[in-house]
Amino acid sequence: MKKKILMSGNEAMGEAAIAAGCRFYAGYPITPQNELTAYMAQELPRRGGIFIQSESELAAINMVFGASASGVRSMTSSSSPGISLKQEGISYISGAQLPAVIINVMRAGPGLGNIWPAQSDYFQATKGGGHGDYRLIVLAPASVQESYDLTMLAFSLSDRYRIASMILSDGLLGQMMEPLELCDPDRPVEKIDKPWALTGASGRKPNIVQSLYIRLGDVEKHNLALQKNYRRIASKEVRFEGKFLDDAKLVVVAYGSMSRIAGAVVEELRKQGKKIGLFRPVTLWPFPTEELEELSKKVKKFLAIEMSYGQMVEDVRLAVGKGVKVDFYGRSGGGVPTEKQIEREILKALNSKR
Amino acid sequence: MAKTYKRPESLYDVATHYCAGCGHGILHRIVAEVIDELAVREKTIAVAPVGCAVIAYDYWKFDCAESAHGRALAVATAIKRVGPDKVVFTYQGDGDLAAIGTAETIHAANRGENLTVIFVNNAVYGMTGGQMAPTTLLSQKTATTPLGRDAKLAGYPLRISEMLALLDGVYSAERTSLSNPKEVLNTKRAIKQAFENQIQNKGFSIVEVLSMCPTYWDKTPQESVRWIEEVMSQYFKLGKLK
Ligand SMILES: Cc1ncc(C[n+]2csc(CCOP(=O)(O)OP(=O)(O)O)c2C)c(N)n1
C-alpha cells in the first residue's frame, strides 16, 4: 500500500535516499538543510546504515568517497558554502568513477551570503565546480514529491553510469512541507553489480580505486572514456517538462522552486488568453538543449527567470537558434521574484517589438 | 632445506620507484609481511596517501583506495564503517597526515575509528621536491627553508603522535624508526601489534616511523640513518607513547 504523508523537502530527500538503499551518509551542519542531516541521524542507523557527523564538508565528501569505493550507496548533503568545500572530493569521485549523491540546498552567496533561498550555484553544479574535465548529473526538483522521486532516481543513475549526481534544491524547497507519496516499502531495492568495489581481494585480483594515472597518455585515455560516458548520459537522460507550448508566443524558462512561482503566473495569464508557455528543465545537466532548439523554431521569444543574476540563461541562449530573443529576469541574495514582478517581466517581453 | 626468507605474497615482484636509501621500500615490505603473517590479505583494504607512496598499490597485492591529499583517514573511516570485518589501514606521509590532513587525522582518532595508521615521518615533503614538512627539524635546510627552519618564521616541528596520544579515542600510539636492523624489526613488531589491535576491535592505533629521505636531506644513505639516530630521534623520541 502506498502511504501519503506531510513532509519537508529536506526530509523527503533523506527518506528517498534510505528507500533507494543508501546505507552511508556523512554531513556537517549548515542551514537551510539541517533537517536532512537530523533525519539521517535519526533514521539511517535504525534502518541498517551508517551516519557520521563529520568534522567538515571536506571530510564528509571524502567519507562518501570511501563508502562508495566499498560499493555502498552513499550520500552527503550541504548548502552552498559547504558545497564549495566539497568540490575537491567531487573531482576525485569523478576521476575515480564512483557513484555518489550530493544534495545542495542552495542559499544566497557569494561568501557566507545568507540562509535564504537562491539558485546561484547553477554554474558550480553544471559547469564543474572542481578541477578537471568532469560532469555531474544535476537534477532540479520543483516540489517535495519531486525532491523524493529525483533523489531516488539519482541513486539509480549514479550506479548505472558510475557518476556523481547532484540534487539542486534550495532553501524554499527544502523547508516547505507538502503531501508526499512514498514508494512501496516492500518493493525490492535495485541492485547493480559493482565488480570494481573494494571488498577484499578474495578469489580475484586486487581492485584499485584511483584517479591518478602517472604515465603520459593515460589520463587522456581515461578522459576519453569519461567523455564517452557523458555523451551516453546526455543522449539518454535529458528530462524536462513543458506546459502550454503548442501555441505559445513566449516561453518562460525556469527550474526548481522558481518554476513553481513562474508557472502560477503563466497559468493565470493563460486564463486571460495570453499565449505564454512554460519550459522547465528537470535535468540541468544534461541540459535539454535540443528540445529548446526545436522549440525555438516556432517560438521566437523566451524569458529565463532565476533566483540568480543570470546563470541558466546562458544555456538557454546557447540552445536557441539565431534570431531568437532571450530575455532574463532574476533576483538573488534572499529575494525571491514575486508573482507581480514576474507578470510585469512576462508582459514586457511579450509586448516588446522584437 | 627449509626456505626461511621469501618475498611476501602481499608484495608484487617488481622494482619500486623509490630513491636509493629511501625508507618507503622497507616499510612496504614490513606491511606486506605483517598482512601475510596475520593471513588477512583477502580482506585488507589499504588507503594510499598523496605523497611519494601514492602508487603503493603498484607494490601491494591487496585492494587499495587512493585518497586526496590529507583525506586518507576520512576515506578509511567510511571503508571500515561499512565493512567492519575488513582490515583497513592508511599509510601517510607527514605532509599528508600532519599538515593538510590534520583535521581528518585528529577527528578520526578522536572518534576512535578502529583503524591502523602507518605514519611515515621523513621530515620533508618528498614528492614535491623536499619542501618543509610540519616535522622538519629546526635549522634543517629544505627547498622552502633555505636558511634552515626558523621557529620564529615557521613554527616548531610538530609532534602529532604525542598530541594524538592525549585523545581518549586513541588506543595505541608508538614511534619507531628504520635506522638499523634492530629498529626495523621493532617497527615490524609495532605494526603487527597495530593490526592485531584492529582485528581485536581495540580501536585507533598509530605507528609513526622515522624514515630516511637521503635525496632531500642531501645526505648519503649511511649519513641518513646516522642522522635519524643522532638528530631526528632526539626530538622525535622513540618508544611507546600510549
Ligand atoms: C591539494 C593538494 N595540494 C598539494 C599537492 C602537492 N603534493 C603532493 S605530495 C605533497 C607532499 C607530500 O609529502 P608527505 O606527505 O610528507 O609525503 P612524502 O612525499 O614525503 O612521502 C604535496 C604538497 C597535492 N597533490 N594536492
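Residue numbers begin at 1 in each chain, while the letters A, B, ... track the order of the sequences.
In terms of heavy-atom pairs under 4.5 Å with chain B, the best-connected choice from A/Ala60, A/Ala96, A/Gly66 is A/Gly66. Residue with the most contacts toward chain B among A/Leu212, A/Ile52, A/Val72: A/Leu212 (heavy-atom pairs, distance under 4.5 Å). Among B/Gly83, B/Gly101, B/Ala68, B/Ser67, the residue with the largest count of heavy-atom pairs under 4.5 Å with chain A is B/Ala68. Put simply, of A/Ser56, A/Ser211, A/Gly49, A/Gly89, the one with the most heavy-atom pairs under 4.5 Å next to chain B is A/Ser211. Interface remark: of the candidates B/Arg111, B/Arg41, B/Lys43, B/Arg111 forms the most heavy-atom pairs closer than 4.5 Å to chain A.
Using a 4.5 Å cut-off between heavy atoms, B/Ile106 makes no contact with chain A at all. Heavy atoms of A/Gln210 lying under 4.5 Å from chain B belong to its backbone as well as its side chain. Only the side chain of A/Ile214 comes within less than 4.5 Å of a heavy atom of chain B; its backbone N, CA, C and O stay farther away. Contact of B/Val87 with chain A is not made at all, since no heavy-atom distance falls under 4.5 Å. Only the backbone of A/Ala197 comes within contact range of chain B, with at least one heavy atom under 4.5 Å from a heavy atom of that chain. Within the 4.5 angstrom heavy-atom criterion, only backbone atoms of B/Phe62 (N, CA, C, O) approach chain A. Looking at A/Ile50, the atoms closer than 4.5 Å to chain B (heavy atoms on both sides) all sit in the side chain, from C-beta outward. Looking at A/Tyr213, neither its backbone nor its side chain comes within 4.5 Å of chain B, counting heavy atoms on both sides. In this structure, no portion of A/Ser74 lies under 4.5 Å from any heavy atom of chain B.
Contact detail for B/Ile45 and A/Leu198: the closest heavy-atom pair is CD1-O, 3.4 Å. The shortest heavy-atom contact between B/Ala74 and A/Ala59 is CB-O, 3.7 Å. Minimum interatomic distance between B/Ala78 and A/Ala67 (heavy atoms only, all atoms of both residues): CB-N, 3.5 Å. Taking each heavy atom of B/Glu104 and A/Glu55 in turn, the nearest pair found is CA-OE2, 3.2 Å.
The distance from the CD atom of B/Glu66 to the CZ atom of A/Phe65 is 7.0 Å, given to the nearest 0.5 Å. The structure places CG of B/Asp58 at 6.5 Å from CD1 of A/Ile208, a figure rounded to the nearest 0.5 Å.
Atom CZ of A/Arg187 has more than 12 neighbouring heavy atoms from other residues, nucleotides or ligands inside a 6.0 Å radius. Shown here is B/Asp168, whose CG atom has no more than 12 heavy atoms of other residues, nucleotides or ligands within 6.0 Å. For B/Phe236, the CZ atom is densely surrounded, since the number of other residues' heavy atoms within 6.0 Å is greater than 12. By the 6.0 Å contact criterion, CG on A/Asp218 is enclosed, its count of non-hydrogen atoms from other residues, nucleotides or ligands being greater than 12. Within 6.0 Å of atom CD in B/Gln200, more than 12 heavy atoms from other residues, nucleotides or ligands are found, so the atom counts as buried in its surroundings. Counting heavy atoms of neighbouring residues, nucleotides and ligands inside a 6.0 Å radius, atom CZ of A/Phe123 exceeds 12 of them.
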Take B/Arg71 and A/Leu58 through the test side chain to side chain contact (heavy atoms under 4.5 Å, CB included) and record every step on the way to the result. CA-CA 8 Å; B/Arg71 317 290 172 232; A/Leu58 265 176; 3.7 Å; yes

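A donor-acceptor pair is defined here as one N or O able to donate and one able to accept, closer than 3.5 Å; such a pair exists between the side chain of B/Asp63 and the backbone of A/Gly200.
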